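Below: the structure, in structure tokens.
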Amino acid sequence: MIMTNVNTVPGKKIVEHFGIVQGSTVRAKHFGRDFMAGLKNLVGGELKGYTELLQDSRQEAMKRMEEQARQMGANAVVNIRFATSSVAQGAAELFAYGTAVRVE
Amino acid sequence: MEILLQNFDLLIFLILIVLGYSAGTWAEKRHYRSINKREKELIKLAVVTAEGNFPPGRVADSTLVSGSVVVSIDYFKRLLAILRNIFGGRVKSYESLVDRARREAILRMKESAKKQGASMIINMRLETATIGRSANKKKSVGSVEAIAYGTAIVMNK
Amino acid sequence: MKFTPIQLEDNINVSKSHPLSELLWLVGGLILLVGLTFIVLGVTADWAVSKTPVKIETWMGKLALNQFPATESAALQQRLQPLLDQLPLDSPLRQYRFRIFLSETPEVNAIALPGGNIVVFSGLLQQVKSENELAMVLAHELGHFAHRDHMRSLGRGLGLAVATALLFGENNAASELASKALLSFQVRYSQAQESAADQFGLDLLTKRYGHAGGATDFFSRLAKDAGNKLPYILASHPHPQDRIEALQRHIKNQHYHLKKTLPLEEDLAEPQ
């Protein structure tokens with residue numbers, strides 16, 4: 001699956017498009033991570049647990065979007081955008097959306 | 001009777017959970033049915049995130065269209081989310097909430113584009129917001145707002 | 001570029017699992033987590049208590065005593081002494097210097113404070129009808145000292161507050177839920193403590209008077225007003241009826257005799 005965040009797949013010609021596909025996930029960390037993050041807040045620095053959480057969520061959102069595109073019969077997703085929101089306290093919502101296309 | 005009064009808090013809590021579960025599940029099913037039906041009706045209207053590339057003279061009109069919706073979570077699913085917060089992992093109960101919100105927002109955007117006679121929407125963007133910063137705090141409402149916007153294109157016949 | 005509209009039947013963005021099964025898993029997990037926390041806390045608190053010298057306890061007792069408007073009562077001290085004399089020489093209770101206080105409060109209760117201080121509320125005295133009953137109540141409080149329950153529950157309470165604040169953060173819906181669950185474990189534990197103190201009290205009472213008469217009288221008076229058993233699931237004390245039954249079982253197992261009780265002497269009897 002080709003993923004791009006521009007209008008086209010550079011060097012390839014889009015022959016067919018299927019509309020938008022989206023993938024989203026909401027994830028929370030366990031209380032231990034929250035606790036460590038609270039400690040880290042005192043001294044500053046990277047919150048590894050939270051970085052990991054965001055990474056995992058983003059990957060899952062991408063995977064779900066890819067799966068949707070595959071179900072539609074596409075072989076590429078162009079113009080992908082990411083967005084986050086905080087639906088719940090202590091949980092991260094990540095979503096990715098793009099246009100499913102078929103390239104030659 | 002006395003026992004009921006003494007454990008009033010617990011009783012209310014249980015009633016809310018059962019009510020939240022049954023009403024919430026029913027509302028969600030109904031919403032999904034409506035979403036699926038309307039999506040089928042509007043399936044001919046193309047929505048893409050890419051910018052369109054149109055030869056001169058083909059486009060009659062282009063205008064910004066948007067659709068938004070605020071959906072709230074039921075009491076039962078909020079309890080699940082609170083519990084999930086302790087253990088971490090996928091907050092499954094919120095997944096359908098954001099999914100519904102986003103699809104509904106896109107549908108409303110499509111409906112408004114259709115009214116204007118558009119045949120496609122380009123450069124669509126999605127945003128989610130939480131109304132009130134403390135969505136999961138004790139006494140506030142857990143809800144999500146989704147907004148979809150894009151440029152509707154009306155083609156020359 | 002051709003547009004092919006496709007409607008997907010399968011929704012990948014929503015997990016397929018049933019919400020009720022998730023609830024079961026989460027609640028089960030919570031109970032397990034809270035149970036483990038409680039056991040660890042209990043062990044630590046018990047260890048800390050066993051290492052705490054009686055001196056520190058006495059100091060804490062002074063602090064606690066300031067909370068109660070109570071006066072030292074010679075009449076009660078008089079009745080406590082014969083009970084103390086019955087204690088075996090190696091009893092840990094020998095380390096304490098017991099002081100007994102009377103507090104003018106309508107509440108039917110008596111409490112064991114750190115450092116060998118016992119506070120009896122006047123509401124309890126009005127309910128007591130015989131010397132044997134009073135001795136049973138005092139012996140029950142001594143039981144708490146013998147098991148160092150007053151210190152343990154203090155340690156546990158402190159530990160619980162710290163643990164929930166550390167683990168789940170304060171002012172959070174999840175922490176409230178977890179602390180409620182922890183509290184219900186605490187209640188179970190507290191009921192077990194009360195039953196153990198009852199048994200200790202019964203043994204001491206029997207040593208003092210040579211028979212177990214009057215052991216259950218006080219509770220049967222309480223049981224009349226106690227009403228239904230269900231609310232007691234969440235109370236710190238067991239239902240009086242259950243306490244009576246437990247005591248009677250113990251009396252039967254130990255082959256204690258039941259003889260006539262002595263009426264309350266004048267210095268404590270209710271003015272008519």
Side-chain angles (χ1 to χ4, degrees), chain A residues 3-9 14 16-37 49-50 52-53 56-57 60-61 64-65 68-69 72 74 76-101, chain B residues 39 42-53 71 73 77-78 80-99 101-103 106 110 120-138 140 142-148 150:
Chain A
M3 309 269 204
T4 72
N5 70 343
V6 287
N7 269 343
T8 54
V9 180
I14 296 171
E16 193 178 6
H17 74 98
F18 306 95
I20 53 161
V21 280
Q22 44 176 311
S24 70
T25 183
V26 191
R27 270 163 178 268
K29 35 224 169 301
H30 61 83
F31 60 86
R33 288 263 177 84
D34 283 334
F35 175 52
M36 293 310 287
Y50 285 14
E52 216 171 272
L53 174 81
D56 287 354
S57 318
E60 176 154 35
R64 285 180 161 180
M65 181 181 70
Q68 251 191 11
M72 284 178 164
V77 183
V78 296
N79 222 322
I80 295 168
R81 295 285 179 269
F82 281 115
T84 57
S85 69
S86 52
V87 245
Q89 187 195 31
E93 202 238 330
L94 248 285
F95 74 102
Y97 58 102
T99 309
V101 296
Chain B
E39 268 180 355
L42 289 164
I43 202 163
K44 283 276 175 330
L45 189 80
V47 180
V48 292
T49 52
E51 292 162 33
N53 217 344
V71 190
I73 190 120
K77 289 201 162 175
R78 234 179 77 190
L80 279 189
I82 289 170
L83 284 171
R84 193 37 102 184
N85 234 320
I86 297 176
F87 298 100
R90 227 180 255 157
V91 189
K92 289 173 189 160
S93 58
Y94 272 113
E95 284 178 341
S96 64
L97 179 79
V98 288
D99 182 61
R102 222 162 276 138
R103 283 166 78 175
I106 293 174
K110 276 177 148 188
M120 72 184 302
I121 296 167
I122 59 168
N123 218 346
M124 190 226 42
R125 294 287 177 267
L126 279 168
E127 297 288 338
T128 351
T130 312
I131 293 188
R133 281 219 51 77
S134 49
N136 203 18
K137 282 237 176 91
K138 268 175 255 166
S140 56
S143 65
V144 56
E145 189 212 37
I147 171 162

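Basis for what follows: all heavy atoms, side chains included, without hydrogens, waters or symmetry-related copies. Just so it is clear, the model here is predicted, and its values are computed rather than measured. Letters A, B, ... mirror the listed sequences (proteins, then strands); counts begin at 1.
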Exercise. With a 4.5 Å cut-off on heavy-atom pairs, point out which of A:Ser24, A:Ser57, A:Gly98 contacts chain B the most.
Key: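 Ranked by heavy-atom pairs under 4.5 Å with chain B, first place is A:Gly98.
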
Self-check item: Heavy-atom pair of closest approach, residues B:Ala50 and A:Thr99
Solution: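 Scanning both residues, the minimum pair turns out to be N-OG1, 3.6 Å.
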
Practice problem: Taking all heavy atoms of B:Arg90 and all of A:Thr25, pick out the closest pair and write down the distance. | Solution: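 So the two residues come closest at CG-OG1, 4.0 Å.
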
Would you compute the distance between atom [atom1] of [X] and atom [atom2] of [Y] and round it to the nearest 0.5 angstrom?
X: B:Arg102; Y: A:Tyr97; atom1: CZ; atom2: OH; answer: 9.0 Å
X: A:Asn79; Y: B:Arg125; atom1: CG; atom2: CZ; answer: 5.5 Å
X: A:Arg81; Y: B:Met124; atom1: CZ; atom2: CE; answer: 10.0 Å
X: A:Glu93; Y: B:Thr128; atom1: CD; atom2: OG1; answer: 5.0 Å

Quiz prompt | A:Phe95/B:Val98 under side-chain contact (heavy atoms from CB on, under 4.5 Å): CA gap, chis, key distance, verdict | solution = CA-CA 9 Å; A:Phe95 74 102; B:Val98 288; over 6 Å; no

Quiz item: Based on non-hydrogen pairs under 4.5 Å, which of B:Gly88, B:Ser93, B:Ala46 is most in contact with chain A?
Solution: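 Heavy-atom pairs under 4.5 Å are most numerous for B:Gly88.
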
Self-check item: Single hit among A:Ile20, A:Val77, A:Val21, A:Asn5 for side-chain contact (heavy atoms from CB on, under 4.5 Å) with B:Thr49
Solution: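 Only one option passes, and that is A:Ile20.
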
Self-check item: Side chain / backbone / both / neither for B:Ile106 at chain A, heavy atoms under 4.5 Å
Solution: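 It is the side chain, since no backbone atom gets that close.
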
